[in-house]
There are 2 protein chains.
Amino acid sequence: MKLVWQRGAATVRDVYEVLLERRKIAYTTVMTMMKILETKGYLKKRRQDRAFLYRPAHPKNQIIRGMIREFIDRVFNGSAEPLLVHLVKSHHLRERDLQKIVRMVEESE
Amino acid sequence: MKLVWQRGAATVRDVYEVLLERRKIAYTTVMTMMKILETKGYLKKRRQDRAFLYRPAHPKNQIIRGMIREFIDRVFNGSAEPLLVHLVKSHHLRERDLQKIVRMVEESE
DNA sequence: TATTTAGTACTAATTAATTCGTATGTCAAG
DNA sequence: CTTGACATACGAATTAATTAGTACTAAATA
């Protein structure tokens, strides 16, 4: 659901129409979902004309980071290293690949 | 639940007693959970004396890998690189740290 | 042997998450 | 004005997941 958010801001109708392409769903269902996301603090709303315009309450990066943390906690009891090991293994990463990433990150700092 | 598995093999009672230390839970609840895990193919059982002895149906690594993949699919639409970027950022990893990991992996191959 | 104990199978109750319907309000077009 | 389109609010129905109760069985033991 939240992925539809990465279009900046959207009304219930916007989301509804996108979801409808993939599966049968009721308008009010989407509304309820968005309201829940709002009360949970993931979205904030603002009146725009007649409808509410929802937008993310926090920067995407922050949310993603939270999800990663939660995953690491749950699966690896909080330590990130094993996750890295797995990634390196199953994607056959070599030093070069990682260097590229480190460089990307360093440039953006 | 499945984390309790990483003690090799266990009966319902074993698990029950560990869980009980942390929260009130019924013996049959644990049983049901383990049975579900079995029908889902995560555990397999074998009679041992009167009780069933459950053990993982697949190597832990394989399950973890599946969980990682599923996470990456859900959060990053299947591409692992953004996850790495996040990890590097939020754990302040430098080349050295990653080299260490790559070396670890290479040694174990 | 009669009774307690430790286990399973099966079912039921509870709780949480998802999905949707209906009532109602507002604005715009006719 | 009245009607239709589009929105929300609120509550209800549905489905899925979690938790637990009861009946029954076999072994252990008094």
Side-chain angles (χ1 to χ4, degrees), chain A residues 1-58 63-64 66-71 73-75 77, chain B residues 1-58 63-64 66-71 73-75 77:
Chain A
M1 296 294 102
K2 291 225 304 280
L3 296 182
V4 186
W5 266 204
Q6 312 331 250
R7 49 173 32 226
T11 64
V12 171
R13 176 148 301 270
D14 295 336
V15 176
Y16 168 65
E17 275 165 5
V18 174
L19 289 186
L20 198 55
E21 288 169 10
R22 287 186 297 177
R23 64 204 184 88
K24 172 184 164 283
I25 192 167
Y27 182 90
T28 49
T29 303
V30 179
M31 229 190 56
T32 308
M33 290 191 302
M34 296 184 57
K35 197 178 334 183
I36 288 174
L37 290 180
E38 194 224 340
T39 58
K40 285 196 178 171
Y42 291 114
L43 296 177
K44 53 187 182 197
K45 67 182 172 182
R46 230 184 75 196
R47 258 233 140 71
Q48 190 206 42
D49 299 320
R50 305 216 273 117
F52 287 128
L53 182 69
Y54 286 87
R55 47 180 69 251
H58 305 288
I63 301 294
I64 300 269
M67 294 172 74
I68 294 176
R69 168 169 325 287
E70 198 247 320
F71 181 76
D73 283 349
R74 183 164 53 82
V75 178
N77 301 311
Chain B
M1 295 293 101
K2 291 224 307 279
L3 294 182
V4 184
W5 267 204
Q6 312 329 252
R7 50 174 32 223
T11 64
V12 171
R13 175 148 304 271
D14 295 336
V15 176
Y16 167 65
E17 275 166 5
V18 174
L19 288 186
L20 198 56
E21 289 170 10
R22 287 187 299 178
R23 62 204 185 89
K24 171 185 164 280
I25 192 168
Y27 182 90
T28 49
T29 303
V30 179
M31 227 189 58
T32 308
M33 291 191 301
M34 296 183 57
K35 198 180 331 184
I36 288 174
L37 289 179
E38 194 224 341
T39 58
K40 286 197 177 167
Y42 292 114
L43 297 177
K44 53 187 182 198
K45 66 182 174 183
R46 230 183 75 199
R47 261 236 140 66
Q48 189 205 44
D49 300 318
R50 306 216 274 119
F52 288 128
L53 182 68
Y54 285 88
R55 47 180 70 250
H58 306 288
I63 301 294
I64 300 267
M67 295 173 73
I68 294 176
R69 165 162 324 285
E70 198 246 319
F71 181 77
D73 283 349
R74 183 163 53 83
V75 178
N77 301 311

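Note that the coordinates shown come from a computational prediction; the quantities given were computed from them, not determined experimentally. Every chain is numbered from 1 and lettered A, B, ... according to where its sequence line falls, protein lines coming before strand lines.
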Take the protein atom CG of A:Asp49 and the nucleotide atom C1' of D:dA7, then report the distance between them rounded to whole Å.
11 Å
How many Å lie between CD on A:Glu38 and P on D:dA7, as a whole number?
17 Å
Rounding to an integer number of Å, can you tell me how far A:Leu53 CG sits from D:dT8 P?
11 Å
Given C:dT19, D:dA7, C:dG21, identify the nucleotide with an atom nearest to the side chain of A:Arg50.
D:dA7
Could you check whether B:Thr32 gets within reach of a base, just the sugar-phosphate, or nothing at all, counting any heavy atom under 4.0 Å?
base
Under 6.0 Å from the six-membered ring centre of A:Phe52 and within 45° of its axis: does the NZ or CZ of A:Arg46 meet both?
no
Of the listed D:dT18, D:dC10, C:dG7, the closest approach to the B:Ile36 side chain comes from D:dT18
Verify, without hydrogens or angle tests, whether A:Thr28 (side chain) and A:Met31 (backbone) share a donor-acceptor contact under 3.5 angstrom.
no
On the 0 to 90° scale, with breaks at 30° and 60°, tag the A:Phe71-B:Phe71 ring pair as parallel, tilted or perpendicular.
parallel
Between A:Ile25 (CD1) and D:dT15 (C1'), how many Å, whole number?
14 Å
Donor-acceptor pair, B:Arg74 side chain versus B:Asn77 backbone, under 3.5 Å?
no
Output yes when at least one side-chain N/O atom of B:Tyr27 is less than 4.0 Å from OP1 or OP2 of C:dA6, else no.
no
Is there a side-chain contact between B:Thr29 and B:Tyr16 (heavy atoms, below 4.5 Å)?
no
Rounded off to whole Å, could you give me the CE-to-C1' distance for the A:Met34 and D:dA7 pair?
13 Å
Can you see if the side chain of A:Lys24 gets near the phosphate of C:dC20 - specifically, an N or O under 4.0 Å from OP1 or OP2?
yes
Can you tell me the distance, in whole Å, between the CG atom of A:Leu19 and the C1' atom of C:dT18?
13 Å
Whole Å only: how far is the CZ atom of A:Arg47 from the C1' atom of C:dG25?
10 Å
Output the single nucleotide from C:dG7, D:dC6, C:dC20 whose closest atom is nearest the side chain of A:Arg13.
D:dC6
Whole-Å distance separating the CE atom of A:Met31 from the P atom of C:dT22:
15 Å
Choosing from C:dA6, C:dT19, D:dA20, which nucleotide comes nearest the side chain of A:Arg23?
C:dT19
Which nucleotide in C:dG7, D:dT22, C:dT18 has an atom nearest any side-chain atom of B:Ala51
C:dG7
Judged by nearest nucleotide, the residue sitting upstream toward the 5' end of DNA chain D, A:Phe52 or B:Lys40, is A:Phe52
Give the nucleotide from the list D:dT8, D:dC10, C:dC20 with an atom nearest to the side chain of A:Lys35.
D:dC10
